Amino acid sequence: MKYQSQKIALAYFLVAMALFAVQVTMGLVLGWIYVDGNFLTEVLPFNVARMLHTNSLIVWLLLGFFGAAYYLIPEETEREIHSSKLAYLQLAIFVLGTAGVVVTYFFNLFEGNFLLGREGREFLEQPRWVKAGIVVAALIFLYNVSMTVLAGKKTAITNILLLGLWGLALLFLFAFVNPSNLALDKMYWWYVVHLWVEGTWELVMASILAFLMLKLTGVDREVVEKWLYVIAALALFSGILGTGHHYYWIGTPGYWQWIGSIFSSLEVVPFFAMMSFAFVMVWKGRRDHPNKAALLWSLGCATLAFFGAGVWGFLHTLHGVNYYSHGTQITAAHGHLAFYGAYVCLNLAIISYAMPHLKGRDPYNQVLNMASFWLMSGGVVFMTFTLTFAGTVQTHLQRVNGEAFMDVQDQLWVFYAMRFGSGVAVVLGALLFIYAILVPRREVVTPGPLEKGRLDHDADHVAAE
Amino acid sequence: MTDQATDRPSALDQLPGELMMWVLIVSELLVFGAGLAAFLAVRITDPAGFAEAQGHLHRAGAGVNTIVLVTSGWLAALAVQAAEAGRPGRLRALVAGAIALGAVFLVLKGAEYADLAHAGITFETHAFFTFSYLLTGFHAAHVMAGMILLAVVAVPASPRAVETGAAFWHMVDLVWVLLFPVVYLL
Amino acid sequence: MTVTRAWLALLLLSAASTGLAASGAHGAVFVVLVLSLAGAKAHVILSRYLGLSAAPPIRAGFDLALGVVLVLFAVLAIAA
Ligand code: HEM
Ligand code: HEM
Ligand SMILES: [Fe+2]
C-alpha cells in the first residue's frame, strides 16, 4: 500500500463481505421456500426475503466498487484521496440506509407513506428517504474521487472508471421517476436496472479488470489502455439501445422488438472482448505475480461474465425467443450467472488483490481462496444449469401447452431441490472466501514435485501460500 | 516488452486513421447488416405486401440521394487531402460543400417522410414500414450527426481530426449504398 | 485510383443500378446484379474513401465479410 488513504478501501470491503454473506444466506432461504412453500411464511415471507436478497446484492456490489475506486485511484493518480473523512461519512450513510431498508422491509411499519414506505419496484424497493440518502452518499463519493483525479494523473483507467461511476449515479435518479402508468414505470425502471448492469457497470468492470491485469501480468500500460477504450466503446454502443430487449411486451411500440434484438445481440461483443483481453494479457504478460488467487478470480470473472451475460443473455434476447421465455426460470438462470460472473467475481478479484496490501502482509491462504473460487463458481454454474432446465420445461408446459402457472411449478420441484443443493455450495464457498481473506495463516500445502522444480529453477516464480 | 507476440507488427497497426472510429464503423455495419437481413427474412413471409408497400417510397429520390451522398463523400475525402496539405481554407470550403450535400440528402428524405405521413403511413402500417422507417430513420440520424461532426472537426482542422470526421461520413455513405438497393430496389 | 476516380466509379455504378431498376427487370438475376453493384460501391468506398487500399489484408477481410453478407441478402431476397 503506497498511499495512506487506500486504507479506506478496507472498511468498504469488510462491510461488503458481511453483506455478501447475508445476501447468499437469504438466497438459500429463498431456495428452500421454493422447495417447501410454507417455510417461514409468517416470519419472513418470500417477497421480503427476495427483496433482502437482491437489495443486499446491489448494495454490497456497489460498496465493493467504491472500495475498489478508493483503492486504485490513489495508485493511478499518484495522490492521496481528497478527503478520507468524507469517504467514511459516505460509508456511514450507506450503512444507515441499509439498516433502514432492512427494518422497513421486515416490519413494514409505514406502508404507503410517501417518504418512509417501501416502493415495491424490484431492486428499487427502498423507501424514498433511503434513496435520497443514496444520492447524497453518491454525491459525496463523486466529489471525493473526482477531486482526487482532477488533482492527479489522469489515466485511461481512471477516465473510464469515473465515466462509469458518474453514469451509474446519474442513472439512479430515474429511481425517483415512478409514473402510475405501469408501462411507463417499467420503461424508466430499466433505465436504472439495464443501463446499470449493461452499460455503466460494464465500464466499471472493464476499468477494474484493466487495473488488475496491469498489476498482475505486467503488460504495458499502452496495450491495456487500448483494449480498455475499445471495450468501453463497444459496451456503450450496444448497451444503450440494447435496453430495447426489455421493451418487447410492456406496451412500448413494436419497433423495439427489432432495435432490442439487434443491439442487445451485439452486447455479447464487449463481454467477449473482456474475456479475450484477460487471457491475452495473461498470455503476453511476463510477470509471475504471487497473488494467484486474484488472477484466478480475474480470469474467472471475465469468463463467467461472458457465459452468464453474453451466452445466457443472448439465449433469450431475440424477441422471437423472449416471447416464450420472458420471466421464466431462464431469466433467473441468466440473472444469477451474469451477476455472479461479471460483478461478484470482479469484486472478489479486487478484494483478493487488495487485501494483502491493505493489511500489509503477504497473500496468505491462497489455496483456500482458490478452493472457494471453485466451490462457489461450481455452485453457481450448477445452479444456472438446473434453472435453465427448469426454465426450458416451464416454457414448454406453461407457454406452449398453456398449463397453469402453479401446476407447472409443482412439476419443477426436482430442479428446485437441486438448485437448493447448489446454493449450499455457493454459501459454503462464500464463507470459505471470507475466512481465507480475513484469517491469516501460513502455508496450507507443501509444494509438490512440479511446483518444487519451478521454485528451485525459476527465480521469478513465487510460491502460493 | 520482449516476447515475440508483441514485436510482430499486428495487422491492426496498418489500419488507416483512428482505431476507435473503426470500432464504430464495424459496429454500425453489424447493426445495419443485421437490420437489413431481418428485413429480407421477414419479407419472405409476405412478398406481395412488401412489394406493394415499397411502391409508396420515393425510389427516384433515393436514387438521387445516392449520387448526393457519394459526391458529398468525395468532397470529404478531398478535404482530408487539403488538411494534410496544410490548406485550411480549401479544407473548410470542401467540408462546407459536404455538409451542404448532407442537407440536400435530408431534404429529399424529408419529402419522402412527409408524403408517407400524409398518406397516413406509420411504423405500424405494415412490417415493411417498421423496417424502412427504422433503417432509413437511423441512417438519417447518422447523416445529421455526421454533418455536425464534420463542422466540429473543421474548426481545429488538424489532419487527424478531419480524417476521423470524414471516416464517419464515409461510413454513412457505405451504409446507404447497402441500404438503398435492399429497401428500395429489391 | 485517386479519390476523384473513385467518385466517378461510384457515379457509374449508381447509374448502372438506376438503369437496372428502371429497366423493370426482376427475378434472381436482377437481385444478384443489384447486390453485386452495391458490393462494388461498398468496396470502392472502403478502399479509396476510407483508405483501406493501404492495408490490403484488412481490406480483404472487409471484402470477405461483405461478400458473405451480400450472399445472405441474395439468398433471402431470392427466397421471397
Ligand atoms: C452470489 C450469488 C448470487 C447472486 C449474484 C444472486 C443474484 C440474484 C438475482 C439478480 C436475483 C433476481 C433474479 C431475477 O430477477 O430474475 C436473485 C433471485 C433469487 N435468488 Fe439469487 N443470487 C445468488 C445466490 C443465490 C443462492 C445461493 C440462492 C439459493 C439457492 C439463490 C436463490 C435465489 C432465488 C430463489 C431467487 C428468487 C427467484 C424468483 O423470484 O423466482 N440465489 N438472485
Ligand atoms: C453483466 C451483465 C448482465 C447482468 C448482471 C444481467 C442481469 C439480468 C437480470 C437480473 C435480469 C432479470 C431482470 C428482471 O428482474 O426482470 C435480466 C434480464 C434479461 N437480460 Fe440480462 N444481464 C446482463 C447482461 C445481459 C446481456 C449481455 C444480454 C443480452 C445479450 C441480456 C439479456 C437479458 C434479457 C433478454 C432479459 C429479459 C429476460 C426476460 O424477458 O424475462 N442480459 N438480466
Ligand atoms: Fe438488459
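So you know, we letter chains A, B, ... as the sequences are listed, proteins then strands, and number each from 1. Since this is a predicted model, take the numbers as computed values, not measurements.
Considering CG of B/Leu134 and CH2 of A/Trp256, their distance stands at 9.5 Å, rounded to 0.5 Å. Remark: A/Tyr255 OH to B/Leu135 CG distance equals 14.0 Å, nearest 0.5 Å.
Shown here is B/Arg59, whose CZ atom has more than 12 heavy atoms of other residues, nucleotides or ligands within 6.0 Å. Counting non-hydrogen atoms of neighbouring residues, nucleotides and ligands closer than 6.0 angstrom, the CZ atom of B/Phe123 exceeds 12 such neighbours. Around the OH atom of A/Tyr323, the shell of radius 6.0 Å holds no more than 12 heavy atoms that belong to other residues, nucleotides or ligands. For A/Lys186, the NZ atom sits in a packed shell: over 12 heavy atoms of surrounding residues, nucleotides or ligands are nearer than 6.0 Å. At most 12 non-hydrogen atoms from other residues, nucleotides or ligands lie less than 6.0 angstrom from OH of A/Tyr324.
Closest heavy-atom contact between B/Glu124 and A/Pro253: OE2-CB, 4.0 Å.
The part of A/Phe237 that comes within reach of chain B is its side chain, from C-beta onward, which places non-hydrogen atoms under 4.5 angstrom from that chain. In this structure, chain A has a heavy atom under 4.5 Å from the side chain of B/Thr130, while its backbone stays farther away. Using a 4.5 Å cut-off between heavy atoms, B/Phe131 touches chain A through its side chain atoms alone.
Using a 4.5 Å cut-off on side-chain heavy atoms (C-beta onward), A/Leu241 and B/Phe138 make contact.
Between chain A and the residues B/Gly35, B/Ala34, B/Ala127, B/Ser27, the most heavy-atom pairs under 4.5 angstrom are made by B/Ser27.
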For this session: Evaluate the criterion side chain to side chain contact (heavy atoms under 4.5 Å, CB included) for residue pair B/Val23 and A/Tyr229; output intermediate values, then yes/no.
Result: CA-CA 10 Å; B/Val23 172; A/Tyr229 279 125; over 6 Å; no

